[in-house]
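First comes the structure, then the notes that go with it.
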Amino acid sequence: MSSIVPVTETDERSPLLQNSSHYAGEITPFTSPSPDDQDLRSSSTRPTNSKQRLVSLDVFRGLTVALMILVDDAGGAFPSINHSPWFGVTLADFAMPFFLFIVGVSVSLVFKKVSSKPAASKKVVVRTIKLFLLGLVLQGGYFHGRDDLTYGVDINQIRWMGVLQRIAIGYLLASITEIWCVNNNEVNSAITFGKKYYIQWVVVFLLGILYMALLYGLYVPDWTFEVVNESSSLSVLNYGTETQTVHCGVRGSLEPPCNAVGLIDRFILGESHLYQRPVYKRTEECSINSPDYGPLPPNAPSWCLAPFDPEGLLSSLMAAITCFLGLQYGHIMVHYKGHMQRIIIWLVCSSSLLVLGYVFTVIGIPLSKPLYTLSYMCITTGASGILLIAMYYTADVINIQKPLILFQWMGLNALIVYALAACDIFPAALQGVYWRSPENNLITATELLFETVLHSEKWGKLAFVLLEILFWGLVAGFLHIKGIYIKL
C-alpha cells in the first residue's frame, strides 16, 4: 500500500520558483514526491536546480495535518473549534478544503508536461485506488480509535466513504482533466490562459450544475432506518422500537433529515455503510449539550439517531471543484514567474471567491460542510488561497522558514502523520500497553498530568494535544533528516 523512499539531496524534489520553471511535487496532500513521476514528464522538464523546493506547499500541508489533529483531539473540550453541527463554519471545517486545494495545486505542477498520457493516466488510477483503499482501512470501521482496545469491522457495516476517499475522487478528476483536457497553446495573456484551460472550467460548471440540480431538485420521500447498537437503548427509551421513520416528502430541503445528499448515499451506498455518528447529533434538537455531543433532549426527533456521511457521494462532486480551483492556482504559478505577479493574481481570485461565497449566503445558500454547499466551497477555497499567499510570501519570497520548520517536516511526511496521529492508530496502540487496568496507560496518564498541573480538564487537554503535534513534528523531522519519506 505504501513504501519507504530514501531521498538524497539530488533527488527530484524541486519547486516551481522564479528561477526554476518545473516542479516534481506531491500528487496527493499526504505523499512525498515519487521518483516514479520522472517518467511521466519529458526530459525538458528537469529542474535546473534540484536543491530548490516550493517550501510553502509543504508548510501548508503540514499545517493542515496539525489543524486536523488539533480539532479532532481538542474539539471535544472546545466545541467552538469542532465541526459545526450543521450550518455555519468553524476552524475544523477548513481542514478538508485545505487538503483538496493542496491536491489541485500539486497536480498542476506534477503534470505541467506529460510525455505519455496513457502512462500518466495509469499511474493516476493506481494511486487513486491505493488512496481509496487506505481510506477504507483507516476509516472504514476496522480501527476503533482511542479508549477502545478492540478492532475489526462487520463487512455489512463498513463505511465506504471518508476523508481519503473524497480526496481520491478529487485527485482522479483533477488529474485526468489535467492530462487529457489541456491544449498546447502558448500562454502570454489572460485570454490565452483561459483558452488553454477552458475545458477544465466546463467540467467545473457541469459538476456545479449537476450538484445544484440534484440538491434542490430531487424529491426526498419518507424513509426508515435501523438504529445501530450503541444507540439502540436510546431508541427503545424514546421511541419504543429499533426501526425509525423519518417523515420528509419534500424537495430542496437542506436540513439534516431530508436533504438529497443523504438520499443519494442511502440509495447507492446503503444506510448501514454511512457514518454512524454524524455532526448533527450535536445540534440543539439532538443534544442537551449542544454544540457538543450529549444525551437526547426530551421529544428529540427520530432522525437524531440516523446515520449520515459527511463525505458522501453528491457532496464530493462539489468538493472536487475545490481541487479544480486549486489546479488554477497552480497554473498561475506555472505561467507567471514573478513573485508579486502570482501573489496579486491569487489575491484577486481569493477575494473574489470570498465575496462570492458571502453573496451566496445572502441569497439563501447557507454554509454547510456536511452538504459541501456552494457558499461553503467558495468561502473555504478563498480562505485556502489566502493561506497559500501567506505561506508562499513567508517561506518562498522572503525566506522565513525556521519558525515554520515543524510544519514543513510534517508536510514532507504528511501521510504517516495523518495515518498514525489523526486516525488515532498510534495513540490506540500505546493505550494497549497498560499497568493492571486499561485506564493506566501512557496516553491517559499524560493527559491527566496536564489536567492536574493546569487545574483544568479543558486546558489540560489542549496542552496535551499541542504536545502531540510537537511530537509528530519532531518524528517527521527525524524522518526528513534520515531522508525517509512515506508515499503511496
Side-chain angles (χ1 to χ4, degrees), residues 1-8 11-13 24-37 53-55 57-73 95-96 98-100 102-103 106 110 126-140 142-146 151 162-168 171 404-433 442-443 464-488:
M1 185 74 67
S2 61
S3 58
I4 300 177
V5 181
V7 180
T8 64
D11 278 336
E12 201 171 17
R13 297 178 60 82
E26 295 77 0
I27 59 166
T28 78
F30 300 110
T31 58
S32 294
S34 169
D36 295 336
D37 290 332
R53 180 175 176 79
L54 192 64
V55 176
L57 267 188
D58 294 326
V59 174
F60 196 171
R61 186 182 302 104
L63 181 63
T64 304
V65 175
L67 173 62
M68 180 169 284
I69 296 173
L70 174 66
V71 298
D72 284 352
D73 293 351
M96 171 62 79
F98 285 173
F99 279 136
L100 293 167
I102 294 169
V103 169
S106 300
V110 169
V126 169
R127 282 168 173 156
T128 298
I129 294 173
K130 288 181 178 180
L131 196 60
F132 198 96
L133 292 177
L134 181 60
L136 283 180
V137 172
L138 294 177
Q139 293 187 308
Y142 184 81
F143 296 105
H144 298 170
R146 298 190 187 189
Y151 61 90
V163 172
L164 294 184
Q165 294 92 316
R166 169 168 284 179
I167 291 174
Y171 164 68
L404 306 172
I405 192 68
L406 281 178
F407 297 128
Q408 182 185 357
W409 287 342
M410 292 176 74
L412 287 167
N413 254 311
L415 177 64
I416 191 67
V417 176
Y418 171 79
L420 294 183
C423 294
D424 285 338
I425 304 299
F426 184 76
L430 278 185
Q431 287 185 322
V433 180
L442 182 62
I443 298 294
F464 173 80
V465 173
L466 293 178
L467 177 64
E468 183 181 9
I469 293 173
L470 175 62
F471 169 78
W472 285 109
L474 295 176
V475 169
F478 174 78
L479 294 176
H480 172 61
I481 292 171
K482 294 297 183 180
I484 299 173
Y485 303 94
I486 310 300
K487 73 178 188 70
L488 285 177

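What you see is a predicted model, and the numbers here were worked out from it, not measured in a lab.
Distance check: Leu63 CG to Leu406 CG gives 11.5 Å after rounding to the nearest 0.5 Å. Atom CD1 of residue Ile486 and atom CG of residue Leu412 lie 12.0 Å apart, to the nearest 0.5 angstrom. Leu430 contributes atom CG, which lies 6.0 Å from atom CG of Leu442 (distance to the nearest 0.5 angstrom). We find the CD-CG distance between Gln165 and Leu133 to be 9.0 Å, quoted to the nearest 0.5 Å. Note that the CZ atom of Phe60 and the CD1 atom of Ile102 stand 4.5 Å from one another [nearest 0.5 Å].
Screening Phe407, Tyr418, Phe426 for a ring-ring contact (aromatic ring centres under 6.0 Å, His included) involving Trp472 leaves a single residue, Phe426.
Nearest heavy atom pair, residue Ala95 against residue Met68, reads CB-CE, 4.3 Å. Across Val465 and Leu70, no two heavy atoms sit closer than the pair CG1-CA, 3.8 Å. Nearest heavy-atom pair, Leu415 versus Lys487, reported as atom, atom and distance to 0.1 Å: CD2-C, 4.0 Å. Between Val65 and Ala414, the closest heavy-atom pair is CG2-CB, 3.9 Å. In terms of heavy atoms, Leu138 sits closest to Leu164 at CD1-CD1, 3.9 Å. Between Arg61 and Ser106, the shortest heavy-atom contact is NH2-OG, 3.9 Å.
Using a 4.5 Å heavy-atom cutoff, the side chains of Trp409 and Leu479 are not in contact. Residues Asp73 and Asp424 form a side-chain contact, since some pair of their non-hydrogen atoms from C-beta on lies under 4.5 Å apart. Inter-residue side-chain proximity for Val417 and Ile69 is flagged as met; some heavy-atom pair is nearer than 4.5 Å.
Considering only residues two or more places apart in sequence or on other chains, Glu468 meets the side-chain hydrogen bond (donor to acceptor under 3.5 Å, both in side chains) condition with Arg146.
A distance-only check finds a donor-acceptor pair linking the side chain of Asn413 to the backbone of Ile484 [under 3.5 Å]. Under a 3.5 Å cut-off, the side chain of Gln139 and the backbone N or O of Val163 do form a donor-acceptor pair.
In this structure, the ring of Phe143 has its center no less than 6.0 angstrom from the ring center of Tyr151.
By the neighbour-count criterion of 12 heavy atoms within 6.0 Å, atom CZ of Phe478 is sparsely surrounded, having that number or fewer from other residues, nucleotides or ligands.
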* side chain to side chain contact (heavy atoms under 4.5 Å, CB included) between Tyr171 and Thr128: does it pass, once the steps are laid out? -> CA-CA 7 Å; Tyr171 164 68; Thr128 298; 3.4 Å; yes

